[in-house]
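Below: the structure, in structure tokens.
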Number of protein chains: 2
Amino acid sequence: MVEYSERLDHIFASLADPTRRDILRRISRKELSVGEIAKSYELTFAAVSKHLQVLERAKLVKKERRGREQVVRVSLRALGEADRYLERYRVLWEERLDRLEEYLSKENK
Amino acid sequence: MVEYSERLDHIFASLADPTRRDILRRISRKELSVGEIAKSYELTFAAVSKHLQVLERAKLVKKERRGREQVVRVSLRALGEADRYLERYRVLWEERLDRLEEYLSKENK
DNA sequence: ATATTATTCAACTATATGGTTGAATATTCA
DNA sequence: TGAATATTCAACCATATAGTTGAATAATAT
């Protein structure tokens, strides 16, 4: 059983790398094989494969064998967890914006 | 000039640690001095101070000297960036949920 | 069966991270 | 001014991460 907190660790750690964010962006448009993904970067195949393992551990992507390729797709469930984590703070900053607006409107009277 | 991408690196890297997420949670309720924060963890003062430096680099918190203490507050701007990053994907998964609902409602006819 | 293609694994290196301890700095109190 | 309090800095250690290269495995094509 992987703790909720540990899942968040993995999700945010995955998102902390620009290559991995870029991979996510690319496969969110269209599923791609590991090889197709690797072509976009000046990294070795193995390095890209490792990035995909990090994304898999965080459950941000799923791999599926199709013939001799592995096809990679985004798996939005984990991103949803990150989103729900931030949601609490979204409420906070929206409150603050509201107070700011209220304050400004009083100033103008 | 710090790149947008690098800012996201710092924000997500900050959020990838449970102690730092907990610090954020605590100070989002009430601003606290470094010392008050440090008391909550079985870590040295210096370790907590380092965590706060990581959060500062990501602009998730701000420190302000008040007498001989440093008072720490959340600074929601950076969390807003993370939130906007995830927003794109939120649209994606909401679309998928909608398609799922549509599919299920047709099944029930 | 063998060769080709796609991917992963293992071993290694360099750098980053999270922690410690002890000294250094800043501010306040007596 | 000197002592006490709050925080940071510097040096160090252990572990994790991101990258490499070369060998190993899996599936397909000949």
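Each chain gets a letter, A, B and so on, in the order the sequences are listed, and its residues count up from 1.
- Of the two residues contacting DNA chain C, namely A/K50 and A/E56, the nearest-nucleotide position lying further toward the 5' end is that of A/E56.
- Looking at heavy atoms from C-beta onward, A/H51 lies out of side-chain contact with A/Y41 at the 4.5 angstrom threshold.
- Atom CG of B/L55 and atom C1' of C/dT17 are 14 Å apart (whole Å).
- With the nearest nucleotide of DNA chain D identified for both B/Q70 and A/A13, B/Q70 has the one nearer the 5' end.
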Could you list, one pair per line, each protein nitrogen or oxygen that sits under 3.5 Å from a nitrogen or oxygen of nucleotides 26-30 of chain C, together with the distance?
unit_1 : atom_1 : unit_2 : atom_2 : d
C/dT27 : O3'    : B/G67  : O      : 3.4

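- Under 4.0 angstrom from either OP1 or OP2 of D/dG19 there lies at least one side-chain N or O belonging to A/H51.
- Taking atom CG of residue A/L15 and atom P of nucleotide D/dA18, one finds them 12 Å apart after rounding to whole Å.
- Contact check, A/S49 against C/dT8: a side-chain N or O comes under 4.0 Å of OP1 or OP2.
- Set against C/dG18, C/dT7, D/dA18, the side chain of A/V34 has C/dT7 as its closest nucleotide.
- Atom CD in A/E64 sits about 18 Å away from atom P in D/dA26, given to the nearest Å.
- If you measure from atom CG of B/L43 to atom P of C/dT21, you get 11 Å, rounded to the nearest angstrom.
- The side chain of A/K63 places an N or O atom within less than 4.0 Å of a non-bridging phosphate oxygen (OP1 or OP2) of C/dT8.
- Neither side chain, A/S14 nor A/R57, offers a donor N or O lying under 3.5 Å from an acceptor on the other.
- Computed from coordinates, the A/F45 CZ to D/dT25 P distance equals 18 Å when rounded to whole Å.
- A donor-acceptor pair under 3.5 Å is absent between the side-chain atoms of B/R20 and the main chain of B/L15, judged by distance alone.
- Between B/Q53 and D/dC9 there is a side-chain polar atom (N or O) within less than 4.0 angstrom of OP1 or OP2.
- Within the 4.0 angstrom heavy-atom criterion, base atoms lie near A/A46.
- Among the atoms of the strands shown, none is found under 4.0 Å from any heavy atom of A/T19.
- Residue B/D9 contributes atom CG, which lies 13 Å from atom P of C/dA16 at whole-angstrom precision.
- Between A/K63 and the choices A/E69, A/E56, A/Q53, the side-chain hydrogen bond (donor to acceptor under 3.5 Å, both in side chains) rule is met once, by A/E56.
- Residues A/L8 and A/E81 approach most closely at CD2-O, 4.2 Å, considering heavy atoms.
- With respect to B/E31, the side-chain hydrogen bond (donor to acceptor under 3.5 Å, both in side chains) criterion is satisfied by exactly one of B/R26, B/K62, B/R66: B/R66.
- In this structure, the NZ atom of A/K39 is 12 Å from the C1' atom of C/dT5, given to the nearest Å.
- In this structure, B/D9 and A/P18 approach most closely via the heavy-atom pair OD1-CD, 3.5 Å.
- Whole-Å rounding puts the A/L32 CG to C/dT7 P distance at 11 Å.
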